[in-house]
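Let me begin by presenting the structure, written as structure tokens, before commenting on it.
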Amino acid sequence: MELDNRGLQPPEPMVRILAALKDLADGDELFAHMDREPMLLYPELERRGFTWDFAEGADGYSLTVRRASE
Amino acid sequence: MTARVAPTQSPPLGLIAPFFLAAPLGLVAAGLLLANAGHLSFQAINLPRNVAITHAVVLGWITTTMMGALYQMAPAVLSGRLWSERLARVQFVIHVLSVSFFVWSAWQWDVPLMGIAGSGIFVSLVLFMANAGVAVARARSRSVPRAAAALGLAWLAIAGGLGLTWVGTLEHLWFPITMGRLSAHAHVGLVGWLGITLMGLSYQLVPMFNVVTRVRPRFGTPVLIIMSLALTTFAAVVATDPGPAVRLPLALLLAVAPLLWGVDVVRLLLGRSKRRLDIQGHSMLVALVWLVLAVLLGAGAALGTPFTPGDESARWLLAYAAAGIGGWLGSALIGNSFKILPFLIWYHRYRPRVGLEAVPVVSDIYSERLATVALAGVSLAVATVAVSALVGSVPALQAGGALLVVGGLLHLVGLVHMFLPKHASRAPQPALSKRITV
């Protein structure tokens, strides 16, 4: 799954990611383009059983989310 | 570069909300005192009623709000954990009681009681600085907002120390409190603590809430450096009570950094992706107008006569204070309070249900109409106070005080409204763009 969360004001990026994770199958990853690091999303991801990696690249920031059991 | 961050919890709503909800009562108290002001208010800025009014607004309304904002933003935006949430709750109680007691004792000009209340305020400030300071120190990365928060806390320490010293000398007569020394204390608190913190945090809040992605600030770090150097120079020199020939350049020096910040705010708002400005954008523009007026009035105050006639020397100073405190700081505070608190409410009430059911969005939490009325009400009140002071009209000054009461209550109503139950205004938006299976 890929999301483009750039150009959104908080908490819209968080809402879109959490809504998308409902349909995330085992083994899949959610990849989101971001304007900034979503600090307050992380506790919710942890609570729902997901892990994540946040990276800064040439195109900006990105967040990759997957289920914690993987 | 991959960064893995330990989750940072947003502080509980019950910790932050009391600061925001108690703060407008400071403005209401100031308005009540001003509504009963007499001609004496124009004669000297350091008369009891003026001192009480100023501290009700600065410590009651603006500082209390800023404390709540910093307690929220340090963990949520800077990812620095508070030292102790329990300590913050205790500090809130000490702060509200001490400020209330100080305002009352200043109005009565009961110096021993002012000393006791001032000591309570100092304890509150020390607890706040320790708690927020630890959070700022724990912040993960360097940024303008983090540096501004750190600088603001440092200036708060100096302002608090000066204030306690001035109250002590009132009682024990260690040395005279001249107008220059009062001015130093006032500007260290207003420009150093409140102004630097506001400007620095706005470099985070304005781009975030207005979706600014194509424009970068130009003057963030220079604003903080220039402001700190200018304020140090200003406070050190003005405390020696120099004449107008020295005071005017000092006043203009103090204006450089805020005006550069204003240029950045305008550029950021013009470069936004969000089509319509909301209450935060509007409030920042209103704040900028008041900033320019405050700079002009401050220059006039620095010149002295004919702007500050001998028998009514407080008139121009009152107008300057109204524009700077109520107009510049107050307008920005109102707009940002209608962003920070709704987000916090949304985060704690609705975030756990996202993806499971339809939930309100942040714009459903607060009323744009109530927020706009609050901003307009306070702006009208500040304008009335400033104009009445400039023309020397006591009835108009009293009317300004009554309008401040109304404005404070409107702000409070707008904040309380956020806590009422809300419903989702729209169906959840589809979020997927394409499917990639790993």
Side-chain angles (χ1 to χ4, degrees), chain A, chain B residues 1-10 72-73 75-80 139-141 204-205 207-214 272-274 278 280 339-340 342-344 346-348 350-363 365 428-438:
Chain A
M1 298 184 185
E2 185 168 338
L3 293 179
D4 189 350
N5 280 340
R6 291 170 294 193
L8 300 174
Q9 64 170 318
E12 196 70 26
M14 184 190 305
V15 173
R16 300 178 90 222
I17 289 171
L18 292 176
L21 288 178
K22 191 173 57 141
D23 299 320
L24 188 70
D26 286 342
D28 275 359
E29 287 181 343
L30 182 147
F31 181 88
H33 300 276
M34 311 288 290
D35 283 328
R36 64 187 58 82
E37 187 165 9
M39 301 291 190
L40 294 182
L41 173 63
Y42 296 155
E44 191 61 25
L45 289 178
E46 193 172 69
R47 191 181 74 84
R48 298 189 187 201
F50 292 93
T51 62
W52 64 91
D53 287 298
F54 183 78
E56 181 178 2
D59 296 336
Y61 302 108
S62 64
L63 181 74
T64 307
V65 184
R66 60 186 72 83
R67 292 197 183 276
S69 55
E70 298 156 22
Chain B
M1 178 186 76
T2 302
R4 180 65 187 276
V5 181
T8 303
Q9 295 285 355
S10 176
Q72 161 65 7
M73 291 187 67
V77 170
L78 306 180
S79 69
R140 252 186 348 110
S141 57
Q204 175 78 28
L205 295 174
M208 190 163 71
F209 287 120
N210 292 279
V211 193
V212 181
T213 54
R214 293 187 302 267
R272 70 187 188 277
S273 300
K274 198 168 76 169
D278 60 14
Q280 195 231 24
K339 284 297 188 182
I340 295 172
F343 177 88
L344 188 62
W346 180 90
Y347 183 82
H348 286 284
Y350 302 109
R351 168 195 38 97
R353 291 145 55 179
V354 171
L356 307 174
E357 61 185 87
V359 298
V361 295
V362 171
S363 57
I365 305 292
Q429 300 295 309
L432 300 180
S433 61
K434 64 181 175 181
R435 180 170 289 271
I436 299 173
T437 303
V438 175

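Just so it is clear: chains get the letters A, B, ... in the order the sequence lines come, proteins before strands, and each one is counted from 1.
With rounding to the nearest 0.5 angstrom, the CG atom of A:D35 is 11.5 Å from the CE atom of B:M208. In this structure, the separation between NE2 on B:H348 and CG on A:L40 is 8.5 Å, given to the nearest 0.5 Å. Atom CZ of B:F343 sits about 4.5 Å away from atom CE of A:M14, to the nearest 0.5 Å.
A:Q9 is not listed as a side-chain neighbour of B:Q280, based on a closest heavy-atom distance of 4.5 Å or more. Side-chain contact between B:Y347 and A:P43 is present, with at least one heavy-atom pair separated by less than 4.5 Å.
Neither the backbone nor the side chain of A:R6 comes within contact range of chain B; no heavy atom of the residue lies under 4.5 Å from a heavy atom of that chain. Within the 4.5 angstrom heavy-atom criterion, no atom of A:L45 approaches chain B. Only the side chain of B:V211 has a heavy atom closer than 4.5 Å to any heavy atom of chain A. If you measure heavy-atom distances from B:S273 to chain A, you find no contacts under 4.5 Å at all.
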*May I have the step-by-step check of side chain to side chain contact (heavy atoms under 4.5 Å, CB included) for A:R36 and B:V77, ending in yes or no?*
CA-CA 10 Å; A:R36 64 187 58 82; B:V77 170; over 6 Å; no
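In this structure, A:P11 and B:V362 approach most closely via the heavy-atom pair CD-CG2, 3.0 Å.
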